[in-house]
Amino acid sequence: MIQSETPASLIMIFGATGDLAKRKLYPSLYHLFRKGKLAEHFAVIGVARRPWSNEVLREHVKDSVLTSIKDAENIEEFISHFYYQPHDVSDTDSYIELKKLANELDSKYSLQGNRIFYLAMAPEFFGTIAEHLKTDGLTDTNGFHRLVIEKPFGHDLESAIQLNNRIRKVFSENDIYRIDHYLGKEMVQNIEVIRFANAIFEPLWNSRFISNIQITSSEMLGVEERGGYYETSGALRDMVQNHMLQMVALLAMEPPIRLTPKEIRSEKVKVLGALRSIKVEEVKQYFVRGQYGPSTENGEHVPGYREEVNVNPESNTDTYVAGKLMIDNFRWAGVPFYIRTGKRMTEKSTKIIIQFKDVPMNLYYSSDKKLAPNLLVIHIQPEEGITLHLNAKESGGQMMETTPVKLNFSNNDIAGLNTPEAYEKLLFDCLRGDATNFTHWDEVALSWNFVDKISTYWENEKAEFPNYAAGTMGPKDADELLKQDGFFWWPIADLDVDNC
Ligand SMILES: NC(=O)C1=CN([C@@H]2O[C@H](COP(=O)(O)OP(=O)(O)OC[C@H]3O[C@@H](n4cnc5c(N)ncnc54)[C@H](OP(=O)(O)O)[C@@H]3O)[C@@H](O)[C@H]2O)C=CC1
Ligand SMILES: O=C1O[C@H](COP(=O)(O)O)[C@@H](O)[C@H](O)[C@H]1O
């Protein structure tokens, strides 16, 4: 049940000394606290192996908050709710101590037995922790018990099924919150509203009026210190299996009959189930992979992927993926959804471009010239907003000449609006029991099923890497994907249809 008020709760963070907790979880919890969105009755237990004390954790939390928020009011009160338990998650005995501390805090803060277990750790520990929580009695309370799981949820369909079976022995599907932080982004959440709350879009949102949809999520950074993880993942598993396919599902789904988690997820599941399955021999026709090579920026050497720490110097791992997805249902028959994502590209940006079909003929001056197509651009990040590209009369001209114009809405221009960080929203949803913006097992399974065919083919074929220089928009072959259909990637910077 979704609660309107945040209920009292004990939040247990496994991996409390790690990067995610420091950069995302503590600042997000603090934001909720400051906005009064965290119940007065809350306590946090941080768990990790390091021999820290409550005081050390509290200072660490304070530092992490002060890094992003300079005027952190009531920070001392906030950190006083944090407790630390040194604990190796594979060590059976340490759960007894953890249970004792949890029960003490339950009484001290009147937490009503409500517990959130946040697994901010490497995925190989997820199953073990979930099992111990049950066998060692941490879920033996009267309140709710919710398990929040970070990505990656498995490495392929097979491992995801195994993991799911393990955690489902302890938690029901309704109590499992699989994080996809893109679902916490303001403009990703806005996709549904743009589509279903505007009479001008929904009638056009189909194969009769849309020629293609493009989703780009580009990053400027390389793999940084995450080479070890990334070598086993690559861009396909790291970004496409989850974030990119989730955006496709939101763009393509049918209107849900109600805005409940069950109905929304069920519509997304139908889209993922309708993705045209790619046969091994077709992978090259639908997908392009890339890996960044070295380059020079302002006279400085920018390392190629194979030079990064913990990366095999002959690595076959993809740091870039572009693909053409077809959704074989009535609404989308024949409309390609192009996706691309990669590290060390020209800029950090996530944008969705919906390109509408051309009008039947150009009635206006220069009628031999093609009119610019109408585009709806959804800016996910760093700007947040939408732009509608239209054609209008060239101002002051004698002839009926057209010129492209833009209608712009930018969230960033609303004074005083400070869009909450994705993790803040997702933590708040979890506290209230709203699983809408978390991925259901059926979505995870269908996404892996789709991606596995591609990864299996790629793992067995040695690629000619590197094939794009750091600081560029990826390999040339990605342009061919669209060219063969008569399209091209719309630029993501200062999109100006006139110059394309
Ligand atoms: N960092 C990020 O931006 C993102 C991370 N994620 C996911 O979040 C999860 C955590 O990532 P991240 O924080 O970067 O990882 P880190 O390596 O920074 O942190 C891992 C944490 O696990 C603890 N740990 C490791 N082994 C044990 C053990 N046996 N018993 C108890 N604690 C242990 C470590 O603490 P100690 O050494 O003290 O034991 C540390 O607190 C991963 O699944 C990752 O894929 C997802 C999206 C983004
Ligand atoms: O999940 C991940 O996402 C980030 C990109 O997230 P964003 O919010 O900054 O767009 C990516 O860098 C990372 O490799 C991946 O694991």
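We use all heavy atoms of the structure for the numbers below, so side chains are in, but hydrogens, waters and symmetry mates are not. Everything quoted here is computed from the prediction, not taken from an experiment. In each ligand, atom 1 is the first atom listed, and ligand 1 is the first ligand listed.
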Worksheet item: Taking the six-membered ring of Tyr230 as reference, does the NZ or CZ atom of Arg226 fall below 6.0 Å from its centre and within a 45° cone about the axis?
Response: no
Worksheet entry | Subset of ligand 1 atoms that lie under 4.0 Å from at least one heavy atom of Phe125 | 26 (N), 29 (N)
Item to complete: List the closest protein heavy-atom neighbour of atom 23 (C) of ligand 1: residue, atom name, distance to the nearest 0.1 Å.
Response: Gly15 CA, 4.0 Å
Worksheet item: Is the cationic atom of Arg432 (NZ for Lys, CZ for Arg) positioned less than 6.0 Å from the six-membered ring centroid of Phe428 and within 45 degrees of its normal?
Response: yes
Worksheet item: Please state which protein non-hydrogen atom is closest to atom 42 (C) of ligand 1 and give its distance, to 0.1 Å?
Response: Met121 O, 3.4 Å
Worksheet item: For ligand 2, what are the residues with a heavy-atom contact below 4.0 Å?
Response: Lys151, His181, Tyr182, Lys185, Glu219, Arg226, Asp238, Met239, His243, Lys343, Lys348, Gln381
Fill in: Contact check, side chains of Phe487 and Pro336, non-hydrogen atoms, under 4.5 Å
yes
Fill in: Proximity winner for atom 20 (C) of ligand 1, if only heavy atoms of Pro123, Ala120, Gly228 are counted
Ala120
Discussion item. For Ile378, run the side chain to side chain contact (heavy atoms under 4.5 Å, CB included) check against Thr387, Ile354, Thr350 and tell me which one passes.
Written reply: Ile354
Worksheet item: So which bit of Phe14 gets within less than 4.0 Å of ligand 1, heavy atoms only: side chain, backbone, both or neither?
Response: neither
Worksheet entry | Over-ring placement of Arg306 relative to Tyr292, 6.0 Å and 45° cut-offs | no
Item to complete: Please work out whether any backbone atom (N, CA, C, O) or any side-chain heavy atom from C-beta onward of His87 is under 4.0 Å from ligand 1, and answer side chain, backbone, both or neither.
Response: backbone
Worksheet item: Which residue and non-hydrogen atom of the protein lie closest to atom 28 (C) of ligand 1, and at what distance in Å?
Response: Arg49 CD, 3.5 Å
Worksheet item: Starting from atom 44 (C) of ligand 1, which protein heavy atom do you reach first, and at what distance in Å?
Response: Lys151 O, 3.6 Å
Worksheet item: In the protein, what heavy atom is nearest to atom 14 (O) of ligand 1, and what distance, to one decimal place, separates them?
Response: Asp19 CB, 3.6 Å
Worksheet entry | Asn467 side chain vs Gln291 backbone, donor-acceptor pair below 3.5 Å | yes
Item to complete: Among all protein heavy atoms, pick out the one at the shortest distance from atom 11 (O) of ligand 1; state its residue, atom name and that distance to 0.1 Å.
Response: Leu20 CB, 4.3 Å
Worksheet item: Looking only at heavy atoms, is any part of Arg50 under 4.0 Å from ligand 1, and if so is it the side chain, the backbone, or both, or is it neither?
Response: both
Worksheet item: side chain to side chain donor-acceptor pair (under 3.5 Å) with Arg178: which of Glu443, His440, Glu173?
Response: Glu173
Worksheet entry | Shortest protein heavy-atom distance from atom 35 (O) of ligand 1, along with the residue and atom involved | Thr17 OG1, 2.8 Å
Worksheet item: Only one of Leu183, Leu251, Val188 forms a side chain to side chain contact (heavy atoms under 4.5 Å, CB included) with Gln246, so which one is it?
Response: Leu183
Worksheet item: In terms of ring plane angle, is the pair Tyr95 and His132 parallel, tilted or perpendicular, where the classes change at 30° and 60°?
Response: parallel
Item to complete: May I ask you to check whether Ser90 has an N/O atom sitting below 3.5 Å from an N/O atom of ligand 1?
Response: no
Item to complete: Could you name the option among Ile149, Asp238, Asp88 that has the heavy atom nearest to atom 29 (N) of ligand 1?
Response: Asp88
Response to the item:
Sequence neighbours excluded, the answer for ring pair (Phe, Tyr, Trp, His ring centres under 6.0 Å) partners of Phe465 is none
Worksheet item: Taking only heavy atoms of Arg23, which atoms of ligand 1 are found under 4.0 Å from at least one of them?
Response: 1 (N), 2 (C), 3 (O)
Practice prompt. Search all heavy atoms of Met187 against all heavy atoms of Asn411 and return the closest pair with its distance.
Written response: SD-ND2, 4.0 Å
Fill in: Residue and atom name of the nearest protein heavy atom (relative to atom 19 (O) of ligand 1), distance in Å to one decimal
Gly18 CA, 3.4 Å
Worksheet item: With only distance considered, is Val89 within less than 3.5 Å of ligand 1 through an N or O on each side?
Response: yes
Practice prompt. Describe, in one word, how the ring planes of Trp52 and Tyr84 are oriented to each other, choosing from parallel (under 30°), tilted (30 to 60°) and perpendicular (over 60°).
Written response: tilted
Response to the item:
A student checking ligand 1 against Pro152 at a 4.0 Å heavy-atom cut-off should list atoms 45 (O)
Worksheet item: Hey, is Ala48 touching ligand 1 through its side chain, its backbone, both or neither, going by heavy atoms under 4.0 Å?
Response: both
Worksheet item: Between Glu131 and Lys169, is there a salt bridge with N-O shorter than 4.0 Å?
Response: no
Discussion item. Can you give me the closest heavy-atom contact between Tyr423 and Glu150, atom names plus distance?
Written reply: OH-OE2, 3.0 Å
Practice prompt. Output yes when a side-chain donor or acceptor of Arg344 lies under 3.5 Å from a complementary backbone atom of Tyr468, and no otherwise.
Written response: no
